[in-house]
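Since the model is a prediction, treat every value here as computed from it, not as a measurement.
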Amino acid sequence: MHELYIKVFNSETWNESWTHETAKERLTDLLHTPKFTGFFWKNRETPIGFIAGNGKTTYQGVTFYLAELCINNEIQGKGYGSKLLRFLEEELQKKNVKSIYLLTSHGGLAENFYRKNGYVVNHHRIVMKKQL
């Protein structure tokens with residue numbers, strides 16, 4: 001799974017610099033997060049992609065933080081990401097999860113993908129950062 005992660009996120013679209021060690025640690029940490037939910041999809045031996053995150057309790061019920069959605073570069077743009085996202089949403093509804101939130105880069109393919117799938121910008125929240 002971490003090989004697919006490296007292949008996708010080190011590609012031209014994202015231009016990140018994941019190593020085998022950092023990708024494996026990232027995904028292992030995610031897997032061990034409380035209330036983890038994730039799904040890996042492959043066709044025979046070809047990895048299609050995976051989706052993962054974790055539930056968080058709020059005063060309104062459980063919300064889900066979508067930490068990773070990764071689709072094999074060779075088949076992106078063919079609807080697999082949307083199918084995987086819908087599958088996750090259906091599974092979360094069975095668990096009575098009330099909402100999903102995520103962080104993604106502003107503009108570009110990822111934002112357009114999520115908008116196409118019914119996600120909107122939450123104007124009640126902002127992302128803040130401090131460089132250390």
Side-chain angles (χ1 to χ4, degrees):
M1 190 163 65
H2 68 280
E3 290 88 5
L4 177 62
Y5 190 84
I6 292 167
K7 179 180 174 185
V8 170
F9 289 107
N10 286 1
S11 72
E12 192 172 301
T13 303
W14 295 99
N15 295 313
E16 295 178 349
S17 300
W18 291 94
T19 66
H20 287 279
E21 294 78 25
T22 58
K24 185 176 180 181
E25 185 174 349
R26 162 77 175 148
L27 297 174
T28 300
D29 287 350
L30 181 58
L31 180 67
H32 292 99
T33 303
K35 298 181 184 170
F36 168 83
T37 298
F39 302 98
F40 184 78
W41 186 8
K42 70 180 185 175
N43 183 6
R44 294 187 182 109
E45 294 305 313
T46 304
I48 302 294
F50 64 88
I51 193 166
N54 62 292
K56 297 180 182 221
T57 301
T58 72
Y59 70 95
Q60 296 175 323
V62 176
T63 189
F64 186 81
Y65 170 60
L66 177 55
E68 298 294 348
L69 172 54
C70 182
I71 299 296
N72 189 329
N73 307 46
E74 298 165 13
I75 55 172
Q76 288 179 5
K78 298 186 188 234
Y80 292 106
S82 295
K83 289 177 185 175
L84 197 51
L85 189 57
R86 279 193 303 276
F87 180 80
L88 173 71
E89 291 168 356
E90 290 168 6
E91 291 301 308
L92 293 175
Q93 285 175 336
K94 292 175 187 175
K95 295 179 178 182
N96 205 28
V97 172
K98 302 297 184 191
S99 63
I100 299 174
Y101 73 99
L102 58 93
L103 300 172
T104 193
S105 57
H106 183 66
L109 297 175
E111 181 181 353
N112 290 338
F113 167 80
Y114 288 112
R115 286 183 185 274
K116 179 185 82 172
N117 282 282
Y119 288 70
V120 297
V121 174
N122 183 341
H123 295 288
H124 301 289
R125 300 280 188 259
I126 61 171
V127 174
M128 298 180 75
K129 177 182 177 181
K130 180 179 181 181
Q131 199 69 34
L132 299 176

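Atoms CG and CD1, on Asn122 and Ile126 in that order, are 11.0 Å from each other to the nearest 0.5 Å. Separation of atoms CD (Glu89) and CG (Leu84) is listed at 10.5 Å; rounding is to 0.5 Å. Rounding to the nearest 0.5 angstrom, the gap separating the CZ atom in Phe40 from the CD1 atom in Ile48 is 9.0 Å. Taking CD1 of Ile75 as the reference point, atom CG of Asn43 lies at 8.0 Å (rounded to 0.5 Å). Interatomic distance, Phe36 CZ to Leu31 CG, rounded to the nearest 0.5 Å: 5.0 Å. Interatomic distance, OH of Tyr65 versus CG of Leu103, reported as 4.5 Å (0.5 Å rounding).
With Glu111 contributing its side chain and Thr104 its backbone, the two residues share no donor-acceptor pair below 3.5 Å. At least one donor-acceptor pair closer than 3.5 Å links the side chain of Thr19 to the backbone N or O of Thr22. In terms of modelled atom types and a separation under 3.5 Å, the side chain of Thr63 and the main chain of Ser99 share a donor-acceptor contact.
By the 4.5 Å heavy-atom criterion applied to side chains, Val8 and Gln76 are counted as neighbours. Counting only heavy atoms from C-beta outward, the side chains of Lys56 and Tyr101 approach each other to under 4.5 Å. The side-chain heavy atoms of His20 and His2, taken from C-beta on, include a pair separated by under 4.5 Å.
In plain terms, the two heavy atoms of Ala23 and Tyr5 that are nearest each other are CB-CD2, 3.9 Å. Nearest heavy atoms, Ala110 versus Trp14: CB-CH2, 3.7 Å. Between Ala52 and Leu30, the shortest heavy-atom distance links the atoms CB-CD2, 3.7 Å. The two atoms that bring Gly49 and Leu4 nearest to each other are CA-CD2, 3.7 Å, heavy atoms only. The two residues Asn73 and Ser11 make their nearest non-hydrogen contact at ND2-CB, 3.1 Å. Gly81 and Leu69 make their closest contact through O-CD2, 4.4 Å (heavy atoms, listed as atom of the first residue, atom of the second, distance).
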Evaluate the criterion side-chain contact (heavy atoms from CB on, under 4.5 Å) for residue pair Lys35 and Thr57; output intermediate values, then yes/no. CA-CA 10 Å; Lys35 298 181 184 170; Thr57 301; 2.6 Å; yes

What do the steps show when you test Ile51 against Phe87 for side-chain contact (heavy atoms from CB on, under 4.5 Å), and what is the final call? CA-CA 10 Å; Ile51 193 166; Phe87 180 80; over 6 Å; no

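A side-chain donor from one of Lys95 and Thr37 sits under 3.5 Å from a side-chain acceptor of the other.
When the options Val120, Leu85, Leu109, Ile100 are evaluated for a side-chain contact (heavy atoms from CB on, under 4.5 Å) with Tyr114, the one that passes is Leu85.
Judged as a salt bridge (charged side-chain N to carboxylate O under 4.0 Å, His left out), and not counting sequence neighbours, the contacts of Lys7 are Glu74.
Lys94 and Glu91 are joined by a salt bridge, as a carboxylate oxygen and a charged side-chain nitrogen come within less than 4.0 angstrom of each other.
Both the sub-6.0 Å distance and the 45° axial angle are not jointly satisfied by Lys116 relative to the ring of Phe113.
Under the 4.5 Å side-chain contact rule for hydrophobic residues, Leu66 and Leu92 share a cluster. Ile6 and Phe9 fall within the same hydrophobic cluster, defined by Ile, Leu, Val, Met, Phe, Trp and Tyr side-chain heavy atoms under 4.5 Å apart, directly or through other members.
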